[in-house]
K.L.:
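Attaching a single structure in structure tokens format; questions to follow.
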Amino acid sequence: MGFKPNFDFLEELKWRGLLHDSMPGTEEQLAKEMTSAYIGFDPTADSLHIGNMVPVTLLMLFQRAGHKPYILVGGATGMVGDPSGKSAERNLLDDETLQKNIDGQKAQLTQFLDFESVANKAEIVNNHDWFKNFSFLEFIRDVGKHITVSYMMAKDSVKNRMEASGISFTEFTYQLVQGYDFYHLYTHNNCKIQMGGSDQWGNITTGTELIRRKAQGQAFAITAPLVTKADGSKFGKSESGNIWLDPEKTSPYSFYQFWLNVGDEDAETFIKIYSLKSRSEIEALIKNHKGQEYQRGLQKALAEEMTVRIHSEHDLMQAQKATQVFFKGTEEDLRSLDVLNMDGAFADLDTFELPKIELEKGVGILDLLSTKTTVFSSKGEAKKMIAANGFSINKTKYTDIDGVINASQLLHNKYMLLQKGKKNYYVLSVS
RNA sequence: GGGGAGGUACCAGAGCGGUCAAAUGGGACGGACUGUAAAUCCGUUGCUUCGGCUACGUAGGUUCGAAUCCUACCCUCCCCA
């Protein structure tokens, strides 16, 4: 046999700041043979968001190290609800939503790992497959029997909830269900490691405990810290909500912008966590960044890498082009773009359609912005923003609240670029 | 089951018969500055055809006039059992 990993996985996680905790013996196991590990994904939405990228990155690194990654989608666990890190009982999803979420996430997950041909090819499993025919009685007899209530109650996720608002039997049971997943994968797929966020430690150890008692086997756990920003706030959300991987929900432009806007204090932490570049490359970037933060070298490198990974080279180019015009450009730059480039640059922005005849007749500015479109939520707001110098048409400040807009302002006779504040762009497109 | 406190704008929280579209703080948004940053400063933060209109848990009532007083209902929290 003579297995030798491509690199020391735990060591890799350590310098990246991705290692929170691991069980004793994990390192030896990984050095000994090609090992399988899994991470569970909770189907709470039909798309992953960048908060899910940490576990995805763990699996990508794991595979690169020469080990075999498993993705578990929670068709069954999604029906129960994980109490970890939640302060209140969760709403259950109906079957249809759940299935839609699973399908959506599966499609995204498959693009990050190698599922073909290699010896350590990734696999995807759904715990619903082994839970659907598992009766309640069988479960409490075969699984519940091995774990004591006091063991389960000692978990932080349970303890916190019992002290606060209470916990339903359903959510209390969650750790057993997740624990059984681990047992199942251990016995059927020889999967010896479960990875996850540090909030999953309790659930994972229930699994290893179950494996020890029920299968007399030894299994391991690796957890990653939960990513937070320097100011303590949760990472992965912008003002307008989650940053999704689905381009329908978060455009590649917004996605690119999100990474570009990472604060200086966080840039170093995040590039280590999210970038797949080598240690020496990353360290060189960081060194370069010091002292010339204004260049935002780290943010750019990270934004480029992530946009290409999640979307494509093409999307990155479009996003950069749009960025160039929106932030550096003047009205002339904008007008000098040819139709093709403009189509691309505008494709990611929120677009409003308006019949051409209407615009040719002339539309009052307030009417246009709050009635015909939803750039502003009310005329009062539109009025205030315009008066406060916070609105531009085609990159030129517009300050006349009684103004009338007509077709002469159109770019290439089809677009008008409306800008609210510094970063909010909308396209008015005539038809 | 008994006793107590309370429900006010995005959040926290003052107001307790008129001068209240509602103090203050935070958040958010916009402007200046800048690096599409941080910090700072300034402005905005219910709708409006600018006459008004709708809002302080819900429904009624008292009053010239109610977020403020009364009645009922709904909800939340705390203490005791």
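Source: prediction; values computed, not measured. Reminder, nothing fancy here: chain letters follow the sequence lines and each chain counts from 1.
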K.L.:
Using a heavy-atom cut-off of under 4.0 Å over every strand shown, decide if A:Gln257 touches base, sugar-phosphate, or nothing.
P.N.:
base
K.L.:
For B:C50 versus B:A59, give the span between their C1' atoms, rounded off to a whole number of Å.
P.N.:
33 Å
K.L.:
How far, in whole Å, is B:G26 from B:U58 if one measures between their C1' atoms?
P.N.:
30 Å
K.L.:
Please measure how far the C1' atom in B:C42 lies from the corresponding atom in B:C47, and state the result in whole Å.
P.N.:
26 Å
K.L.:
Spell out yes or no: do the side chain of A:Glu381 and the base of B:U45 have one donor N/O and one acceptor N/O closer than 3.5 Å?
P.N.:
no
K.L.:
According to the interplanar angle, ranging from 0 to 90°, do the rings of A:Tyr274 and A:Phe270 count as parallel (below 30°), tilted (30 to 60°) or perpendicular (above 60°)?
P.N.:
perpendicular
K.L.:
What does A:Lys422 touch in the nucleic acid at a heavy-atom separation under 4.0 angstrom: a base, only the sugar-phosphate, or nothing?
P.N.:
base
K.L.:
Base of B:U48, side chain of A:Lys383 - is there a donor-acceptor contact under 3.5 Å?
P.N.:
no
K.L.:
How far, in whole Å, is B:C11 from B:G27 if one measures between their C1' atoms?
P.N.:
7 Å
K.L.:
Expressed as a whole number of Å, how far does the C1' atom of B:C33 sit from that of B:U24?
P.N.:
28 Å
K.L.:
We want to know whether A:Asp181 and A:Gln194 form a side-chain donor-acceptor pair, criterion being a heavy-atom distance below 3.5 angstrom.
P.N.:
no
K.L.:
For B:U36 versus B:G30, give the span between their P atoms, rounded off to a whole number of Å.
P.N.:
16 Å
K.L.:
So, are A:Glu305 and A:Lys277 salt-bridged, with charged N and O less than 4.0 Å apart?
P.N.:
yes
K.L.:
Please work out if A:Glu293 contacts a base, only the sugar-phosphate, or nothing of the nucleic acid, heavy-atom cut-off 4.0 Å.
P.N.:
base
K.L.:
Within the 4.0 Å heavy-atom criterion, would you say A:Gly421 contacts the bases, only the backbone, or no part of the nucleic acid?
P.N.:
sugar-phosphate
K.L.:
Please determine if a side-chain N or O atom of A:Lys423 lies less than 4.0 Å away from the OP1 or OP2 oxygen of B:A37.
P.N.:
yes
K.L.:
Taking the minimum atom-to-atom distance to the side chain of A:Asn389, which one of B:U48, B:G31, B:U36 wins?
P.N.:
B:G31
K.L.:
Looking only at heavy atoms, which two atoms of A:Asn203 and A:Tyr174 are closest? And how far apart?
P.N.:
ND2-CE2, 3.7 Å
K.L.:
Tell me yes or no: between the side chains of A:Asp46 and A:Asn101, is some donor less than 3.5 Å from an acceptor?
P.N.:
no
K.L.:
Students often get this wrong, so: under 4.0 angstrom with heavy atoms, is A:Asp367 touching a base, only sugar-phosphate, or nothing?
P.N.:
nothing
K.L.:
Does A:Asp264 reach a base, just sugar-phosphate, or nothing at all? Heavy atoms under 4.0 Å.
P.N.:
base
K.L.:
Just compare B:G31, B:U48, B:G35 and give me whichever is closest to any side-chain atom of A:Gln299.
P.N.:
B:G35
